[in-house]
Structure formats: structure tokens, C-alpha cells
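If you're wondering where the values come from, they're calculated on a predicted model, not measured in any experiment. In what follows, chains are A, B, ... by sequence order, proteins preceding strands, each numbered from 1.
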Amino acid sequence: MEEPRKKEEEKIIRSLNFIEEIIENDIRNGVNDSRVHTRFPPEPNGYLHIGHAKSICLNFGLSKKYNGKTNLRFDDTNPVKEEVEYVDSIMEDVKWLGFDWEDRLFYASDYFEQLYGYAVILIRKGKAFVCDMTAEEISETRGTPTRPGKESPFRHRSVEENIDLFARMRAGEFPDGSRVLRAKIDLTSPNMHMRDPVLYRILHTHHHRTGNQWCIYPMYDFAHGQSDSIERITHSICTLEFEVHRPLYDWFIHEIGIYAPRQIEFARLNMTYTVMSKRKLLELVRDGNVTGWDDPRMPTICGLRRRGYTPESIRNFAETIGVAKRDNIIDVSLLEFCIREDLNKRANRLMAVLDPVKIVIDNYPEELVEEMEAVNNPEDETKGKRKLPFTKTIFIERDDFMEDPPNKFFRLAPGREVRLKAAYIIKCEHVVKDPKTGEIEEIHCTYDPLTKSGMPESNRKVKGTLHWVSEKYAIKTEVRLYDRLFVMENPDEAEEGKTYLDYLNPDSLKIVTAMIEPAVKNAQILEKYQFERIGYFSVDHDSTAQNLVFNRVVSLKDSWSKVEKVK
RNA sequence: UGUCCGAUGGUGUAACUGGCAACACAAAUGAUUCUGGAUCAUUAGAGUCUAGGUUCGACCCCUAGUCGGACAACCA
């Protein structure tokens, strides 16, 4: 009877995504001597986000799976936008995600000389020319997707003149924008990228690596494919929008006569309740809608890290969403599931009360302090136990008490009994309210001394278990309750007259002062805890020994709020 | 009036490459629980964009269409 099930399981494990299928096919056919070599090629002009994480996991994952290699290469062909700050953050993020490019850190700028040589080859073959038109003129004569373009009047310059002009461009004889080098392909091509694309432009700009060595820079299209070729990349994996560029890359490779990698395109990641474009993320930072690239509400890797996400959870997320070519928008709740799943197993529990209300246990001795024993992680016995002090006056969560509860409410209410986690069963006797506001100031209870955790009597059934913290021993800490940055599933689809910024969630951050059990004082930056019955929290780097700061990573799954909603 | 790509439960990804749609999340129900968490069990939900065709048999192949996306930076 076990046979069919086993078979089923194997099948699931073996099911390949379309890229793996291509690779396995290539390996089988001995393509590139069955070598697998990928690369992650970011432009250092911004911070990496969860979409890049998908690509990183894909590229490094593939080489790991097939015993290959993955390079990290910065496509730094536009010095006006690129900065070392970004290079550093990208390397940090890739490392943090758990990947290693070993000694294969490259830059497209490493290849500038070689690329220049390739351009000269094209010129000599009569396949490239120097064009003196302005950017506007070039754009106007390019035509539209449905209308062919017009030839440049400079298209038929002699090879000698082109060689000379291109050399003088390099030598710095011409001002920015005065001339470009263009490929000579086909102005009537239905593929816009084939209409004599620009190969080199003049930019008298300092480059973060080559300094002032160059004043002409290759366009991305002229650098990317050849860089992959130079690095002997076997499978150049990129996102869908470069599909249209592929014929151009193939043309370059063929005309120059160099090794041809195989480009495979996949659909980029989109996620609900967030934006993913670098431009929009930059705007959020610049306009102060978030505190920075690493604001815990940002979908950036550094933002997720600060929020409290673990590399494992992100890798697992990337694995779970899969790879395909169709457009997709992944529900953030899947990301949230991944971090809960991870933290449930790893995070120690703590009692923290975010919105405290005082409980006085009338029959508990005034000065008595009992050391209660609590399990650190019920999912992992090796995490051990800790002590926490119990006293006559404690705090519980304000919404764990209702004066007039519905019968589905399992928590504290007048005349009802409830268990205090790792302590006693208490019964609510009466409440004390502020005569003016009507707000509850104290809830008076009695405890049953025979029901201390672990005692035989403690097995008595009560409907609910509450977390609590001793008034006397609690530590005040700052807790930042983060929520989704946008209120709309897809902020990119703003209605007429609105932009994504009109859908910012005004409640994406609430700061509260919480009372937490004393064990919290050992918390280290980035350490994760589960606040019992509330959610997962991570220590922010703003935290100090005197003033602890926690970020809410994600709340616990809450089926009670669903019950409430149904009403 | 173009070229390229795509279309499978609410979301995402599969389907031994032509053998009668599965997995994860989300949802529901129950059990269990000193977290309304976790865990376990169970259930519901698509007949694969449409119309034809090939075939004993089509998510898979062919044809035509529909819808969605990408492409007109001296950006990447």
C-alpha cells in the first residue's frame, strides 16, 4: 500500500522548472562540456529587493544544484547613476542571503578595453558607424513599433573615417552628446532594438572604478551579452523584458565571433501590497515616506533583514514561488507564512504585553514573588526553560478582558476563569473603573493556589490561557508595529488621477510601549522572539541596553479576529 | 497596423513530454493544545482563455481568434 505514495513523493521532488529542464537537457547533450555557469548581474544604482532575491536564489541555486559556478558581476556601464555605496550594499545582501561568489567578483567595467576592441571589429566589418545626430534626432528617426525608421545621414561613412572618429571620441575630443557609435543593422526591423542601436555614448563622467580613464561608455546592450560571453557563462538567466533584446545580443556575438551563452528569460516577481520598481522605492525613500532603504516596511533585502526576516525564510520563499514565464503577483501572505514557519521553530518565546491593563490578585500575598518556570520553545526542547517572576499585581492585554463578552470569547470576563500561562488559574471578581471616562483601571481577581503550572490540580480545564507580566519586574520597551506599506493589493494599478503614493497605508507603523518579562534584557540586535500569542519580533539596531526596541516581523496567525469579523 | 512572450482552483507552481489535473499558500471543518499559535486529520474549490482540428485519447500538437504583458533612453 505504501508503494504508490512513495512514487508520488518522488515525482514531486523531481519535478523541474522550465530552466532546470533546459539545463538538464544541455547537460545530457554535452553542451558546453555539460558545464553550468550562471551569474547574478546587478547594476549598482540601487538597493536589492525581494525580486532580486528571487533571481539570486535562482542563479546560485542552479549552480549549486548542478555543481557549477555563479559569478557576481556588476553591470556598471553608466557612471552617472552608479555608486560604490550600492556595490557594497549589494555584496552584503548577497552574502547575507547565504551565497558565495568565491573569487568571481567581476565588473562590466573590467571589460571596457575588450568591449572597445569588439566595437572596432564591428566598425572594420562595416557593421558600426559614428553618428553625429542628436539624441532627439535619433529618437525621431527610429520610427515606431509599427512604422520603420529612417537611415542616419552618417550611416555610410567610410570605415577609415569611423575608426578615426571613434578613436577621437575615446580621446576626449568631442563633448557629451555630440556623437555616438551605432550598430548598422536594420531600420525596418519590427524589433526596435535592431534599428541601428547606440553602442557607445560620450560621457565625461568619473566612474566609480575606472575613474577618468574613459569618457565613452558602452551601452548596457553592448556590454551585457559580451560580458557573459567573456565569463563563459553557459546560461544567462534574466527577466522577461530582455527577451526582445536577445536577437541583438545574438547579433553582436555572431558578428564579433565570440562564445555564445544561452539566454533564458523568466517572469520577475511581483508582490501584493508593495511596489518593486527601483524608481518607486527610491521615491519612497527620497520623499520620506519611509525612513530609508532599510526601513522595515520596504521590500528591500536590507529592509526585510531589519524587519526580522531570516535568509532561510527568504530562500524558502524563493523556492516556493517557483519560476515561470507568465506574469505573476504573489500574495505577501506567502512571504509571511515562510517567516512564521521558520521563526516558529527557532524563536524563543517571551511574554510581552503591548497594551497593558492591571490585574490585582486579591488573595495573593502582598510581598510574595514566585519564580515561575516557562518553556522557551515548545517546538524545540533543547531551548530549555526560563524563570519569570509572579506577583500580586500583573499586566495582561487590554483586549484579553471583556466586561460583556460574547460566548465565543475564551478570555477573561467577570466571573470567568482563565489560565495565566506558566502560572495560576485566576477568576475575575470585579473591575475598578475611572468614574469619569469609564475606562477600566484595575481588574480584581482571585487565584487558585492549587493550580500552579505543573501541579496536579492545574490540569483543570479552562477556556483560555493568557500571557501576563509582573508589574514590578516588567521592562518597558519600545515596540514598532509594522504593517503593509500600501492599502491596495496592487499599488501599480492606481486609478485615474492617482498614483501609488495615494495608497500608502497610514497605519503601516504604530509605536507602542510594551511591558515585557525581565528575560528580555539579554536581547541582542537582530535576535528574534515570539511574543507569546502576539507575533514574532526582532531587535532593531536602534536598540540599546537602556532602551530596547523591537520590530514586529509578523503577527501570529489570528483565527480569533476572523471569528470577530464574521459577526 | 507591427514583433516577441504568455494564458491551469482565490494566489503561485506541477502534471512522468499525448494517458484523463496535483502540490504549497489562502479558505472551511474536526481533533488536540497551558499560545484562538503550532501540530494532525478531513473538506471544498479549476476540467486547463475561446472556437475548430489531429488522435483511441489533448493542459500538452496544429489553425484561427480573445485577453494580458514587453518593446519606440545617448537607462539597466
Of the nucleotides [options], which one has an atom closest to the side chain of [X]?
| X | options | result |
| --- | --- | --- |
| A:Lys81 | B:C75, B:G37, B:A24 | B:C75 |
| A:Arg201 | B:A72, B:A76, B:U35 | B:A76 |
| A:Thr146 | B:U35, B:A15, B:G2 | B:G2 |
| A:Glu379 | B:A26, B:A14, B:G37 | B:G37 |
| A:Asp327 | B:G69, B:U35, B:G6 | B:G69 |
| A:Ile330 | B:G12, B:A38, B:A72 | B:G12 |

Which part of the nucleic acid does [X] contact within heavy-atom distance under 4.0 Å: base, sugar-phosphate only, or nothing?
| X | value |
| --- | --- |
| A:Pro378 | base |
| A:Met455 | nothing |
| A:His224 | nothing |
| A:Gln530 | base |
| A:Arg326 | base |
| A:Asn191 | nothing |
| A:Phe409 | base |
| A:Ser189 | nothing |
| A:Phe337 | sugar-phosphate |
| A:Glu243 | sugar-phosphate |
| A:Val323 | sugar-phosphate |
| A:Arg411 | base |
| A:Asn17 | sugar-phosphate |

Query raised in the report: Between A:His193 and A:His245, how do the two ring planes meet: parallel, tilted or perpendicular, split at 30° and 60°?
Result: tilted

**Report entry** Pairing of A:Asp400 and A:Arg533 as salt bridge, 4.0 angstrom limit
**Finding:** yes

Query raised in the report: Can we say A:Asp228 and A:Arg73 salt-bridge, meaning some charged N sits less than 4.0 Å from an Asp/Glu carboxylate O?
Result: yes

Query raised in the report: Side chains of A:Lys385 and A:Asn376: is there a donor and an acceptor less than 3.5 Å apart?
Result: no

Requested in this report: Tell me yes or no: between the side chains of A:Gln226 and A:Tyr118, is some donor less than 3.5 Å from an acceptor?
Outcome: no

Query raised in the report: Who is the Watson-Crick or G-U wobble partner of B:C49, with both distances under 3.5 Å?
Result: B:G65

